[in-house]
Protein chains: 2
Amino acid sequence: MDEVRLEAILHALSDPVRMAIFAEIAGGKCVQTCSAFASVCERLIPKSSLSQHFKVLREAGLIRSERHGVELRNTSRCAEVEKRFPGLIAAILKAHARPSRV
Amino acid sequence: MDEVRLEAILHALSDPVRMAIFAEIAGGKCVQTCSAFASVCERLIPKSSLSQHFKVLREAGLIRSERHGVELRNTSRCAEVEKRFPGLIAAILKAHARPSRV
DNA sequence: CTCATAGTTCAGGAAAATAGAACTATTGAA
DNA sequence: TTCAATAGTTCTATTTTCCTGAACTATGAG
C-alpha cells in the first residue's frame, strides 16, 4: 500500500467504466464480481475488457480480489487508501455521485 | 463550468507533468506561463507537448489562460471547481503534496 | 474425466500521446 | 512598414496505450 501512487488512482478513476465499477464496490453493492458487472452492463463491455479494468483498479490499490470457489469477490480498499491519502476517495466518490448537469 | 466533468479532471491530473503544472499554478507560484514552466523543466519537455498539457488542463476546466502581451498567464479555477465538486481539488492537491514514499 | 462457469492472457487493430517542424500572434526596434 | 524576437499553437508522423475476440487457465459439479 506504500507503493500506491496518486497518479495511478487518478488514472484508474478517470475512466467512466472503472469509476462506475469502483463506485459500486465502494458503495457495498452486491455487484462485486466481474461477471456480475458484465450482466449489469448487458454485455456491452466484453469480459476481457472488464478483466483489464479490474486489473487497473487492483494495481492502483483501489480494490482487492479474492477467489471464492469459481468466482472472484472484489472489495474496496478505501480504508487503506484513506490512511495514505486522507479525504481523497471520499471527495472523488462524492463528486461522482453528484448529478452531472441540468 | 457546468460542463466540467469529473472524468476530465481526473484524467488531466493523472499525468505527472500536468499535475505538477497545476499544483504550481494552484499554489500561486510565479511559474504561470508555458515558457516559465519549460525553463523549470530545463527543456526536458518540448514546448509543443507543454502546449498540449496546458490545453488538457484548460479543457478540464482547471485553469484559465489569458493573454498579456506576448505571453499567456495561467490562473487556476479552483474556486469554480470547488463550487461544483466541493473538496475535490483540495483533496487531490493535499495527496499530491504528501511525500510519496517512506 | 468432462462440462460449465469465471476470469486471464495474447495478439492485432484502433485510439491517444509525444514531439519535431512549420505556422500564427504580439511586441519592440530600425 | 518591415524585420526580428518571444510565446504558443497546429500539423503530422511515430510511439505508446487501449480495446477486444480468441485461446487459455482455474475451480467446482456431475
Side-chain angles (χ1 to χ4, degrees), chain A residues 5-22 24-25 29-77, chain B residues 4-25 29-77:
Chain A
R5 292 168 309 133
L6 172 62
E7 182 186 327
I9 291 176
L10 299 184
H11 172 253
L13 298 180
S14 70
D15 178 271
V17 173
R18 287 193 294 262
M19 183 75 227
I21 292 172
F22 179 68
E24 293 265 349
I25 294 173
K29 298 268 179 67
C30 295
V31 182
Q32 291 178 336
T33 64
C34 264
S35 61
F37 201 83
S39 44
V40 165
C41 296
E42 292 176 7
R43 288 160 196 156
L44 290 174
I45 302 166
K47 67 175 182 173
S48 61
S49 301
L50 282 177
S51 179
Q52 289 301 317
H53 285 315
F54 276 91
K55 185 178 181 183
V56 172
L57 289 169
R58 261 195 308 273
E59 291 180 349
L62 289 166
I63 66 172
R64 176 180 288 117
S65 303
E66 288 170 295
R67 184 172 280 277
H68 284 252
V70 76
E71 70 186 16
L72 294 187
R73 289 192 200 150
N74 298 286
T75 48
S76 84
R77 300 179 71 186
Chain B
V4 167
R5 293 167 308 133
L6 173 62
E7 181 186 330
I9 290 176
L10 298 183
H11 172 253
L13 298 181
S14 69
D15 178 273
V17 173
R18 286 193 295 263
M19 183 75 228
I21 292 171
F22 180 67
E24 294 264 349
I25 293 173
K29 299 270 179 64
C30 295
V31 182
Q32 290 177 336
T33 64
C34 265
S35 60
F37 200 83
S39 44
V40 165
C41 296
E42 291 175 8
R43 287 161 198 152
L44 290 175
I45 302 165
K47 65 177 184 172
S48 62
S49 300
L50 281 177
S51 179
Q52 288 302 318
H53 285 315
F54 276 91
K55 185 180 180 183
V56 172
L57 290 169
R58 262 197 305 275
E59 290 180 351
L62 289 166
I63 65 171
R64 177 181 286 116
S65 302
E66 289 169 295
R67 185 173 277 279
H68 284 252
V70 75
E71 71 187 14
L72 294 188
R73 289 191 200 152
N74 298 286
T75 48
S76 83
R77 298 178 72 186

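Here the structure is a predicted model, which means the values were calculated and not measured. To find a chain, count down the sequence lines: A is the first, B the second, and so on, and within it residues start at 1.
Here the nucleotide nearest the side chain of B:Lys47, chosen from C:dA19, C:dT9, D:dA7, is D:dA7. Proximity note for B:Leu72 (side chain, C-beta onward) versus D:dT10, D:dT9, C:dA19: the nearest is D:dT9. The side chain of A:Ser51 sits closest to C:dT9 out of C:dT9, D:dC18, D:dT20. Considering only the side chain of A:Ser49, D:dC19 comes nearest among D:dT6, D:dC18, D:dC19.
Residues A:Lys55 and A:Val70 both approach DNA chain C. Their nearest nucleotides, taken by heavy-atom distance, put A:Val70 toward the 5′ side.
Nearest heavy-atom pair, B:Ile25 versus B:Ser76, reported as atom, atom and distance to 0.1 Å: CG2-N, 3.4 Å.
Within 4.0 Å of B:His68, counting heavy atoms only, lies no atom of the nucleic acid at all.
We find that CG of B:Leu50 is positioned 13 Å from C1' of D:dT9, with the value rounded to whole Å. A straight line from CG of B:Asp15 to C1' of D:dT17 spans 13 Å, rounded to a whole angstrom.
Considering only side-chain N and O atoms, A:Arg58 lies under 4.0 angstrom from the phosphate OP1 or OP2 of C:dT8. B:Ser48 has no side-chain polar atom (N or O) that falls below the 4.0 Å cut-off from OP1 or OP2 of C:dG20. Within the 4.0 Å cut-off from OP1 or OP2 of D:dT20, not a single side-chain nitrogen or oxygen of A:His53 is found.
Annotation: side chain of A:Arg18 is in contact with side chain of A:His11 (closest heavy-atom distance under 4.5 Å).
Judged by distance alone, with hydrogens and angles left aside, the side-chain atoms of B:Arg67 form a donor-acceptor pair with the main-chain N or O of B:Gly69 at under 3.5 Å.
From one end of the helix from C:dC1-D:dG30 to C:dA30-D:dT1 to the other, with five pairs defining each end axis, the axis direction shifts by 10° (rounded to 10°).
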